[in-house]
Amino acid sequence: MKEITGSEALIKSLIEEDVNTIFGYPGGAIMPIYDSLYSYLDKIKHILTRHEQGAIHAAQGYSRVSGKVGVCFATSGPGATNLITGIADAQIDSTPLVCITGQVPSQLLGTDAFQESDVIGISMPVTKWNYQITNANEIADIISRAFYIAKSGRPGPVLIDITKDAQFSNVSFNYKKCDKIRSYHPYPIIKKTKIKEAAKIINNSKKPLILVGQGILLSKAENELLQLSEKTGIPVASTLLGLSAISCHHKNYVGYLGMHGNYGPNLKTNEADLLIAIGMRFDDRVTGDTTKYGINAKVIHIEIDPSEIDKIIKTDVAINADAKEAILNLIPHLKKNHHENWINEFRTCDKVEYEKIIDKEINVVEDKILMADVINRISNLTKGKSIVVTDVGQNQMVTSRYYKFSESNSNITSGGLGTMGFALPASLGAKIGQPKREVIAIIGDGGIQMTIQELATISQYNIKVKILILNNNFLGMVRQWQELFFDNRYSFTEMKNPNFNIIADGYGIKNNKVENKNDLDKCLKEFINYDGSYLLNVVVEKEENVFPMVPSGESVSNIRLE
């Protein structure tokens, strides 16, 4: 068998795993891998981002929309440490990634050599698995394991660190895809007794509520969720990462959960007699005060990761299983039913929310531009069919409330970690992952400045992503908290921003700016219809707040409308 270098073995291993896109940034310790990649550019496309954090967020966006494992490269030392935020983000949001980092030669490990860092030790708490390769003979086997671990069970990020001598060494290449690992059991065996227990409770409940998380999307259980809800008539509410698992226009969909979610699903959580949580982890942004959460409800929790069960909310029936498998097993045991009166209670809440908040935000009489109005218009223009990539803060919450997702797998955001700077690189990755779909990045003026250099990546590769800046010259969400809970002491949240349009010009990206409400519709239509990347800088009200709001640490029943 012909021998090849370890670096070439790595590239051939990625090809065996059907990798066709890599996001990365070269450097000394990973240079042999980049040299080998040069000979395989007919099979693998490499996207040179302008920062390693941009590379990993792009890989996240790519993975989330394509369903494939995202792959990124970085060199040792600062290159590797610049991946850590994205790795932590991917871990908490269950995004499958394989991150390849170069490392100093094995004989220099532990000597504080130039650009050496203990990336294995640093990344251990935020990876699903990590491993350091010092022998080229390990490369094929470890890469095979990495992909299996990253995508199986509850997905997550894996980091493989490869010393420079292992990259240069010769090895006989033989690749075998991994399909099992001793002592690792990613797919729990479903317990039929638990299915029957859950079905009995569901059939006897009067006010049940389904809470859906990203587990529905990861399991590709959207159709099964519809069957469950339509057979039983049970209303469905969504977490932030569960948005788009069910169409916002479905008759049983009752809204978005969480701190800035809809009035009905938050308030009615404490009136429900049963909560059916599927592929969600009872994040604190959803539960508020856990001692006052679901106070009248039994809880059925369907979750693939056993560590999430009973971690925050105690269950009456725990089904440790893949969401799709669990729902398919559950449906035959359920009686056909309807809960029209119960759903009508949510619709009554919708009317209250519309009168108190929504009407004032989307039907603004004054000549001022509100974030909610902008997102509502974009939702209408795109008919809720675009992939929307949001950053973190008010832009994220307003979009989650006002963009009416009508197609599955359309909401890409940083949920658990709340990473500002996520949206711009994630949107370019999403567009590469789904080139035929419209991708819109919605970003605050604070968040975009954290990764604004990725405009160069968008320009260089002609990535046709739309970039909408909601520009209020504030760190808006922090400012809102300072107004409501810190007596209007705006401590270091007001921003003097650059001219975003001149910056876009510098990168050769078409752009426009909206300051007058009368120009908004025309500019948004041009923005959506333009065939290419486009940055639209929308100057919105400086001190606009996002309501409803459940104050941090309070009961969901204390949701504030103003």
Side-chain angles (χ1 to χ4, degrees), residues 6-7 9-11 13-14 19 22-37 46 48-60 63 69-93 95-136 138-150 155-169 417 419 421-422 425 451:
S7 60
L10 170 70
I11 302 302
S13 297
L14 296 177
V19 174
I22 296 167
F23 304 90
Y25 202 96
I30 200 170
M31 205 173 293
I33 290 173
Y34 269 90
D35 186 62
S36 293
L37 176 61
H46 180 276
L48 173 65
T49 58
R50 296 306 187 265
H51 192 284
E52 291 87 358
Q53 185 177 349
I56 192 164
H57 288 330
Q60 287 178 269
S63 175
V69 176
V71 179
C72 63
F73 285 175
T75 194
S76 63
T81 59
N82 281 341
L83 295 179
I84 296 300
T85 295
I87 292 172
D89 194 289
Q91 174 81 335
I92 199 166
D93 283 354
T95 304
L97 301 178
V98 170
C99 307
I100 309 293
T101 55
Q103 184 56 276
V104 300
S106 54
Q107 67 270 21
L108 294 180
L109 289 173
T111 67
D112 294 330
F114 177 67
Q115 289 194 334
E116 181 194 3
S117 66
D118 178 14
V119 70
I120 294 298
I122 292 168
S123 66
M124 191 173 290
V126 291
T127 49
K128 191 175 178 185
W129 183 59
N130 65 12
Y131 190 88
Q132 186 174 74
I133 296 175
T134 58
N135 186 323
E138 294 183 294
I139 288 174
D141 179 58
I142 294 301
I143 294 300
S144 178
R145 285 172 174 247
F147 275 83
Y148 177 65
I149 291 170
V158 170
L159 183 138
I160 306 300
D161 193 44
I162 310 178
T163 60
K164 201 167 184 178
D165 52 316
Q167 297 173 46
F168 275 125
S169 297
L417 198 65
T419 306
F422 172 87
T451 50

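- With a 4.5 Å cut-off on side-chain heavy atoms, I56 and C99 count as touching.
- Every residue meeting the ring-ring contact (aromatic ring centres under 6.0 Å, His included) condition with Y34, not counting sequence neighbours, appears here in chain and number order: H46, F73.
- Between P96 and P155, the shortest heavy-atom distance links the atoms CD-CB, 3.7 Å.
- Checking side-chain atoms of K164 against main-chain N and O of G28 turns up a donor-acceptor pair under 3.5 Å.
- Using a 4.5 Å heavy-atom cutoff, the side chains of F23 and V71 are not in contact.
- The shortest distance between side-chain heavy atoms of I133 and I160 falls below 4.5 Å.
- Rounding to the nearest 0.5 Å places CD1 of I84 at 8.0 Å from OG of S117.
- In this structure, Q115 contributes its side chain and Q103 its backbone to no donor-acceptor pair below 3.5 Å.
- Across P125 and G121, no two heavy atoms sit closer than the pair CD-O, 3.8 Å.
- For S63 (side chain) and A59 (main-chain N/O), no donor-acceptor pair under 3.5 Å exists by modelled atom type.
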TODO: Apply the test side chain to side chain contact (heavy atoms under 4.5 Å, CB included) to residues W129 and I142: give CA-CA distance (whole Å), side-chain angles for both, the deciding distance (0.1 Å), then the verdict.
DONE: CA-CA 11 Å; W129 183 59; I142 294 301; 4.0 Å; yes
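- Residues C72 and L83 share a closest heavy-atom pair of SG-CD2, 4.2 Å.
- Considering OH of Y131 and CG of D161, their distance stands at 11.5 Å, rounded to 0.5 Å.
- To the nearest 0.5 Å, atom OG1 of residue T127 and atom CD1 of residue I122 are 11.5 Å apart.
- Side-chain atoms of N130 come within 3.5 Å of backbone atoms of I120 as a donor-acceptor pair (strictly under, hydrogens ignored).
- Counting only distance, with no hydrogens or angles, the side chain of Q53 and the backbone of G86 share no donor-acceptor pair below 3.5 Å.
- Pairing each heavy atom of A74 with each of G79, the nearest pair is CB-O, 3.5 Å.
- Here the closest heavy-atom approach between residue S13 and residue A140 is recorded as OG-CA, 3.7 Å.
- Heavy-atom neighbours of Y148 OH from other residues, nucleotides or ligands within 6.0 Å: above the threshold of 12.
- In this structure, E116 contributes its side chain and D112 its backbone to a donor-acceptor pair below 3.5 Å.
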Open item on the list: Between T134 and S106, does the side-chain hydrogen bond (donor to acceptor under 3.5 Å, both in side chains) criterion hold? Intermediate values first, please.
Closed with: CA-CA 6 Å; T134 58; S106 54; 5.8 Å; no
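- A 4.5 Å side-chain heavy-atom check between Q60 and D89 finds at least one atom pair inside the cut-off.
- Summarising the geometry of V119 relative to S123, their closest heavy-atom pair is O-OG, 2.7 Å, with the distance given to 0.1 Å.
- Note that the CD1 atom of I100 and the CG atom of L159 stand 7.5 Å from one another [nearest 0.5 Å].
- When the options T75, N82, T81, T85 are evaluated for a side chain to side chain donor-acceptor pair (under 3.5 Å) with E52, the one that passes is N82.
- Contact check for I143 versus L10: side-chain heavy atoms found under the 4.5 Å cut-off.
- Within the 3.5 Å criterion, the main-chain N or O of V104 finds no donor-acceptor partner in the side chain of S76.
- Residues satisfying the salt bridge (charged side-chain N to carboxylate O under 4.0 Å, His left out) criterion with D141, sequence neighbours excluded, are R145.
- Using modelled atom types, one side-chain atom of Q167 and one backbone atom of I162 make a donor-acceptor pair closer than 3.5 Å.
- With rounding to the nearest 0.5 angstrom, the CD1 atom of I22 is 5.5 Å from the CD1 atom of I11.
- Considering CG of L97 and CZ of F147, their distance stands at 10.0 Å, rounded to 0.5 Å.
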- [ ] Under the side-chain hydrogen bond (donor to acceptor under 3.5 Å, both in side chains) rule, what do T163 and D165 come out as? Steps first, then yes or no, please.
- [x] CA-CA 6 Å; T163 60; D165 52 316; 2.9 Å; yes
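- By the side chain to side chain contact (heavy atoms under 4.5 Å, CB included) test, A9 is found to be paired with I4, I139, V171, F173, residues two or more places apart in sequence or in another chain being considered.
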